[in-house]
Each structure stands twice: as C-alpha cells, then as structure tokens.
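Report on the following structure.
Quick note: numbers below take in every heavy atom, side chains included, and nothing from hydrogens, waters or symmetry partners. Below, chains carry the letters A, B, ... as their sequence lines are ordered, and counting in each starts from 1.
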Amino acid sequence: NAGVTQTPKFQVLKTGQSMTLQCAQDMNHNSMYWYRQDPGMGLRLIYYSASEGTTDKGEVPNGYNVSRLNKREFSLRLESAAPSQTSVYFCASSERPVMEIYGYTFGSGTRLTVV
Amino acid sequence: SQQGEEDPQALSIQEGENATMNCSYKTSINNLQWYRQNSGRGLVHLILIRSNEREKHSGRLRVTLDTSKKSSSLLITASRAADTASYFCATVLYSGNTPLVFGKGTRLSVIA
C-alpha cells in the first residue's frame, strides 16, 4: 500500500547513544517532515524538507539532525540521546508544505525511550 | 509554540450522539485541517477548510470556520464506537511556505 514507512517502530536507547530514525514515502511527494508527540503537547515540528536538497528547522530542532537522502527518504538522527528525547516520532509527507486540498500523510510512528 | 488549541481536552459521549470539538488559533491562516489519531497509530487527515470558506461537509463530519473569532469546530454526527480517537486541528499560517502547526488535541470516547 502507498504511504509513509517508518523504522524502527520501537527503540530503547541509553543516554548518550546515537541512532537514526528512517522514513520513506512512495507517493512521489516533494515535502517531508519530522514531528514529535509528547503527552499533552500535541505534535511539534522538529525539522522539515520542503523539497529534495533542502532542510529547515522547526519548533524543536535542538539535539537532532536530518538528512534528505533523496526524494523518497528523510532520516532523523539523534547524536547523543537524552531522556528528554523520549517521545513518539512521526514522519509525514505532502506534495508541498502548504496544501489546499489534501493534507499530510503520516507514518505509524517510532516509539523511542531513552533511559 | 502551539498555534491551535482544542477544547475540550476530553469528551465522552454515548453512541448515536453528536460530538463537537472546538479549535482556536492565534494568527491569520491559509487553511485549517482536522486529523484523527487512533490509539498507537499515526494521524489521518479528515478535512481541510480554506480561510475563505465558512462551512464544509464530508460524510458525518461538518467543519465550520470563523476567521473573525479565529476559531473552528468539528462536528461528528451520529457517533460510533469506531470514532473513539484523538482529534487534532492543524493550521497553515497565512504568510510563508511553512508546515502545519498542530494543536494539543481532543480525546473523544464514544461509549457503545
């Protein structure tokens, strides 16, 4: 089925470890996004890529880096994980950031725990 | 900072009743969208209303937008147990080419 695929679905890290969250979409979308979801906080934008070759910071970029590997793939890297980065991470994609008919398509999320 | 703020935070109703959720936002918008999130899943786009529209329907969903009050409401008619989920409003700011900004959500429980 067409959509956004995130890996892994679950991950436990120790403080200071690094990891990369992977995201791939097969809808030929230009724009991709990383959000984090914390209880009572809704979704907050970490980074986004409006088009292949560009990336921009969102509301909460500290402690993260991203790579738009190609049009399909957008990865999120935690260089030195901290307990404050315990969260559910969602990748999403769309034709462009400002959509006037359709919304964003979301992956099923990565549940990350940092101990 | 959060642009949209949903109200109430949680809502519990009986199957067959209507559910109304509200969203207020702070700055001018290009459009406003509503999403549903079932427990442990990703968000699913429900409906989009542009800033020059006042009301929009999709199946059992009715969305209104009042730009003078900077508010929107989502009405789900004849609720079903399967409607149990969290519902989020998300806004596209009027200026710039910036991504969606989400509210904190309303958790809806529909009791059979």
Where the side chain of A:Q25 meets the backbone of A:N28, is there a donor-acceptor pair that is under 3.5 Å apart? yes
What part of A:Y104 lies closer than 4.5 angstrom to a heavy atom of chain B: side chain, backbone, both or neither? both
With a 4.5 angstrom heavy-atom cut-off, could you sort out which part of A:Q37 is near chain B: side chain, backbone, both or neither? side chain
Quick one: what part of B:R50 sits under 4.5 Å from any heavy atom of chain A, side chain, backbone, both or neither? side chain
Yes or no on side-chain hydrogen bond (donor to acceptor under 3.5 Å, both in side chains) for B:T77 and B:R62, after CA distance, side-chain angles and deciding distance? CA-CA 8 Å; B:T77 60; B:R62 172 179 169 251; over 6 Å; no
Could you tell me which portion of B:L43 (side chain, backbone, both or neither) has an atom closer than 4.5 angstrom to a non-hydrogen atom of chain A? both
Salt bridge (charged side-chain N to carboxylate O under 4.0 Å, His left out) evaluation trace for B:R36 with B:D83: CA-CA 9 Å; B:R36 182 187 74 232; B:D83 294 327; 5.9 Å; no
Does any backbone or side-chain atom of B:E6 lie under 4.5 Å from a heavy atom of chain A? Answer side chain, backbone, both or neither. neither
Answer with side chain, backbone, both or neither: which region of A:Y102 has an atom nearer than 4.5 Å to a non-hydrogen atom of chain B? backbone
In terms of heavy-atom contacts, does CD of B:E15 have more than 12 from other residues, nucleotides or ligands at under 6.0 Å? yes
Does A:D38 pair with A:R44 as a salt bridge, N-O distance under 4.0 Å? yes
